[in-house]
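Here's the structure we're looking at; comments come further down.
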Amino acid sequence: MDGEFTQEQKKILDIANKYFLRETNGDQEQADELMAKLATTVQEPGAKIIPIDDILFLIMVRGKGAVEVHTMAADLMPSNMVEGFKKLADYLKDIGVKLAYTYTEDRRFARIARQTKLPIKELTQEIDGKTMYIYIVEF
């Protein structure tokens, strides 16, 4: 089965699996379910995984020049995350994206967003009783 995947694909699978294991507190069955959902998502039109260093960015087109971004990383070292987001911003600008956004419940993301020195707007919204932090970058 290993022969079926390129080195880059193996790296993507490894990062995603480590990320989902962390998110599910080590439950491999739940991590496998999330991996299957990710595989289904990336088959949708306008969805793509962009690997940058040891971070996976799930990019989903949400309109002309607009994308939604989700982040998966094997480790959450802030300095690595900051550099990854800077590289992603460069990539998105190069392909003509004008607006990118992401959202999270994790308040720690605000510090990473500030450290990128990108022109990020932060909004807060209640969704299903949870406080969600929305980060928007316009290029």
Side-chain angles (χ1 to χ4, degrees):
M1 182 168 210
D2 278 348
E4 297 178 28
F5 297 105
T6 66
Q7 284 302 109
E8 183 178 34
Q9 290 168 328
K10 288 177 187 177
K11 181 179 177 181
I12 289 169
L13 290 170
D14 183 57
I15 293 169
N17 188 58
K18 286 177 181 174
Y19 170 78
F20 289 132
L21 279 172
R22 187 179 61 249
E23 292 296 305
T24 62
N25 295 313
D27 185 324
Q28 186 65 60
E29 188 174 323
Q30 281 185 318
D32 290 345
E33 288 174 17
L34 293 171
M35 291 281 285
K37 287 181 183 178
L38 176 62
T40 299
T41 299
V42 298
Q43 292 176 21
E44 294 174 8
K48 183 176 182 178
I49 291 179
I50 307 298
I52 297 176
D53 300 330
D54 288 330
I55 304 169
L56 304 179
F57 294 99
L58 173 61
I59 308 297
M60 296 182 292
V61 175
R62 295 299 189 213
K64 184 173 171 71
V67 296
E68 179 178 327
V69 178
H70 295 279
T71 307
M72 294 163 275
D75 73 65
L76 297 176
M77 292 288 298
S79 60
N80 294 345
M81 298 296 286
V82 168
E83 288 307 309
F85 277 103
K86 287 179 182 179
K87 291 175 183 177
L88 176 66
D90 289 339
Y91 170 81
L92 294 175
K93 283 190 276 188
D94 287 347
I95 64 168
V97 170
K98 301 294 181 205
L99 179 132
Y101 69 90
T102 191
Y103 52 88
T104 182
E105 294 177 62
D106 191 344
R107 190 68 191 120
R108 294 177 299 172
F109 191 81
R111 185 181 70 219
I112 291 168
R114 280 191 299 275
Q115 289 177 353
T116 66
K117 301 212 185 314
L118 294 169
I120 297 175
K121 289 188 245 178
E122 181 182 339
L123 305 171
T124 305
Q125 185 174 351
E126 284 291 318
I127 300 174
D128 296 329
K130 297 177 184 176
T131 301
M132 297 299 285
Y133 302 98
I134 304 163
Y135 300 92
I136 303 167
V137 177
E138 293 184 64
F139 302 106

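Position 1 is the first residue of the sequence; numbering continues from there.
For the atom pair CD (Gln9) and NZ (Lys11), the distance works out to 13.5 Å, reported to the nearest 0.5 Å. Atom-to-atom distance recorded for Phe85:CZ and Thr71:OG1 is 3.5 Å, nearest 0.5 angstrom. The line from CG of Asp75 to CE of Met81 is 8.5 Å long, rounded to the nearest 0.5 Å. In this structure, CE on Met132 lies 10.0 Å from CG on Asp106, to the nearest 0.5 angstrom. How far CG of Leu118 is from CD1 of Ile136: 14.0 Å, rounded to the nearest 0.5 Å. The CZ atom of Phe20 lies 5.0 Å from the CG atom of Leu38; values are rounded to the nearest 0.5 Å.
Val69 approaches Ala100 most closely through the heavy-atom pair CG2-CB, 4.3 Å. The minimum heavy-atom distance linking Ala73 with Ile55 is given by the pair CB-CG1, 4.2 Å. Ala74 and Arg22 make their closest contact through O-NH1, 2.8 Å (heavy atoms, listed as atom of the first residue, atom of the second, distance). Nearest heavy-atom pair across Ile15 and Met72 is CG2-O, 3.9 Å.
Hydrophobic clustering (side-chain heavy atoms under 4.5 Å, transitive across Ile, Leu, Val, Met, Phe, Trp, Tyr) groups Met60 together with Ile49. Under the 4.5 Å side-chain contact rule for hydrophobic residues, Leu99 and Leu58 do not share a cluster. In the hydrophobic clustering of ILVMFWY residues, with side-chain heavy atoms under 4.5 Å counting as a link, Phe139 and Ile134 come out apart.
No side-chain heavy atom of Val61 sits under 4.5 Å from any side-chain heavy atom of Lys48. Side-chain contact between Leu88 and Ile59 is present, with heavy atoms from C-beta onward closer than 4.5 Å. In this structure, Asn80 and Asp54 have side chains that are not in contact, with every pair of non-hydrogen atoms separated by 4.5 Å or more.
For Arg62, the CZ atom counts as densely surrounded, since its 6.0 Å shell holds more than 12 non-hydrogen atoms of other residues, nucleotides or ligands.
Residue His70 forms a ring pair (Phe, Tyr, Trp, His ring centres under 6.0 Å) with just one option from Tyr19, Phe57, Tyr103, Tyr101, and that option is Tyr103.
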Chi angles and distances behind the side chain to side chain contact (heavy atoms under 4.5 Å, CB included) call for Phe5, Ile12 | CA-CA 10 Å; Phe5 297 105; Ile12 289 169; over 6 Å; no

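Under a 4.0 Å N-O distance rule, the pair Asp14/Lys18 qualifies as a salt bridge. A salt bridge links Glu83 with Lys86: the closest approach of a Lys/Arg side-chain nitrogen to an acidic carboxylate oxygen falls below 4.0 angstrom. No salt bridge links Lys130 with Asp128; every basic N to acidic carboxylate O contact stays at or beyond 4.0 Å.
Between the side chains of Glu105 and Tyr133, no donor-acceptor pair of N or O atoms lies under 3.5 Å. Looking at Glu126 and Thr131, their side chains do bring a donor and an acceptor atom within 3.5 Å of each other.
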